[in-house]
A.B. asks: 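Structure provided below as structure tokens; questions to follow.
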Amino acid sequence: MKKAIVALFIFSTLASAQTLLDYNGRPRYPGGLLGLKIGTGYTKYLGEFTDGLTSNHFVFGAEFAVLPEFSIGLGADAGTVRYDRRWRRIHGNLYEYQFGTENYVRRSTWYSTFTLEGRVHFFPRQFLDAYALAGAGVTFFNPDDYAQERVVVRPFSDYLGSITVPVGLGADLFITRSLALNAEWRLNFMFSDDFDAFNTNLIYSAAARKGDEPLAEVDPSSDAYSVLTFGVKYFLFEDSDIDGDLIPNMEEESLGSNPYDPDTDGDGLSDYEEIRVHGCDP
């Protein structure tokens with residue numbers, strides 16, 4: 001009995017080794033073409049004021065694998081950023097004109113961002129995949145100082161928005177072929193200086209129109225924020241035949257043939273013909 005168990009163990013080990021040696025890799029991870037993501041994490045404000053604080057956000061997203069190495073995705077991100085609003089020498093008297101003498105006050109901005117992005121996957125057929133992303137979208141936001149009417153100058157619209165360009169890096173660790181743990185960092189550049197209710201160009205122009213005391217002209221800038229997200233992804237619609245030879249990936253893996261090559265041994269007969277028609281070893 002013991003000899004039979006040992007023999008079975010050796011046979012299984014050799015069979016597994018043969019499978020690994022026959023091709024470089026294994027059936028594509030993830031096991032689905034459409035990935036759904038949910039996550040939460042930390043936000044960090046990047047602008048004219050003190051940026052040492054973090055806050056929280058929530059993310060929902062979906063991505064579709066155009067190729068194993070490239071996917072496109074849609075994302076929705078909602079949260080807040082926190083910062084300490086304070087006077088700085090480079091602001092001159094623009095700060096006092098906008099906020100008065102109130103200094104070093106903790107503030108936050110609520111936002112929601114919607115993006116379309118592309119991802120380049122570096123290890124799409126491995127248990128641990130890493131990727132880079134870039135895209136474009138729009139961010140809607142409402143700073144505390146605008147909402148509480150604590151400013152002198154503000155945009156005419158009550159619904160503030162900005163074009164946003166996200167760039168970032170991420171990684172997926174697959175627990176199963178359909179479920180992965182995700183970690184992602186991204187930096188969101190905004191085409192707006194209103195994110196913190198301190199649009200220097202708008203303040204200067206408003207003061208000049210009123211003929212008020214000359215203010216220090218400050219080069220306009222754009223705000224930004226970064227997010228660090230931890231979440232899970234679930235993948236649907238498995239590509240069960242990557243090489244299109246009509247033999248499912250998992251069956252090819254068990255037989256030792258290459259799921260990435262429709263003719264594993266290169267003899268001119270496809271794996272399908274050898275397995276299904278002629279009943280021989282591909």
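No experiment lies behind these values; they were computed from the predicted model shown.
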A.B. asks: In the structure I gave you, are the side-chain heavy atoms of Tyr42 and Asn56 within less than 4.5 Å of one another anywhere?
C.D. replies: yes

A.B. asks: Between Val59 and Leu133, is there shared hydrophobic-cluster membership here, with clusters defined by ILVMFWY side-chain heavy atoms closer than 4.5 Å?
C.D. replies: no

A.B. asks: Is the Phe141 ring parallel, tilted or perpendicular to the Phe195 ring (thresholds 30°, 60°)?
C.D. replies: perpendicular

A.B. asks: Considering only heavy atoms from C-beta outward, does the side chain of Thr109 approach that of Tyr225 to under 4.5 Å?
C.D. replies: no

A.B. asks: Do Tyr146 and Asp194 make a side-chain contact, defined as non-hydrogen atoms from C-beta onward lying under 4.5 Å apart?
C.D. replies: yes

A.B. asks: Could Arg85 and Phe198 be counted as a cation-pi pair, given that NZ or CZ must be under 6.0 Å from the ring centre and within 45° of the axis?
C.D. replies: no

A.B. asks: Do the rings of Phe99 and Tyr95 sit parallel, tilted or perpendicular, given the 30° and 60° boundaries?
C.D. replies: tilted

A.B. asks: Are the side chains of Leu187 and Leu46 in touch, meaning some heavy atoms are under 4.5 Å apart?
C.D. replies: yes

A.B. asks: With distance as the sole test, does Arg88 use its side chain to make a donor-acceptor pair with the main-chain N or O of Glu48 at under 3.5 Å?
C.D. replies: yes

A.B. asks: Could you check whether atom CZ of Phe191 has more than 12 heavy atoms from other residues, nucleotides or ligands sitting under 6.0 Å from it?
C.D. replies: no

A.B. asks: Is there a side-chain contact between His121 and Ser71, using heavy atoms and a 4.5 Å cut-off?
C.D. replies: yes

A.B. asks: Between Lys233 and Phe174, is any pair of side-chain heavy atoms under 4.5 Å apart?
C.D. replies: no

A.B. asks: Between Ser55 and Arg82, is there a side-chain donor-acceptor contact under 3.5 Å, judged purely by atom types and distance?
C.D. replies: no

A.B. asks: So which heavy atom on Gly35 is nearest to which on Phe235, and how close?
C.D. replies: CA-CD2, 3.6 Å

A.B. asks: Scan Lys37, Arg186, His57, Glu184 and name whichever one has a side-chain hydrogen bond (donor to acceptor under 3.5 Å, both in side chains) with Thr229.
C.D. replies: His57

A.B. asks: Taking atom OH of Tyr83 and atom CG of Asp196, what is their separation to the nearest 0.5 Å?
C.D. replies: 5.5 Å

A.B. asks: Please tell me if the side chains of Val227 and Asp77 come closer than 4.5 Å, counting only heavy atoms from C-beta onward.
C.D. replies: yes

A.B. asks: Report yes if the side chains of Trp87 and Arg89 come closer than 4.5 Å at any heavy-atom pair, otherwise no.
C.D. replies: yes

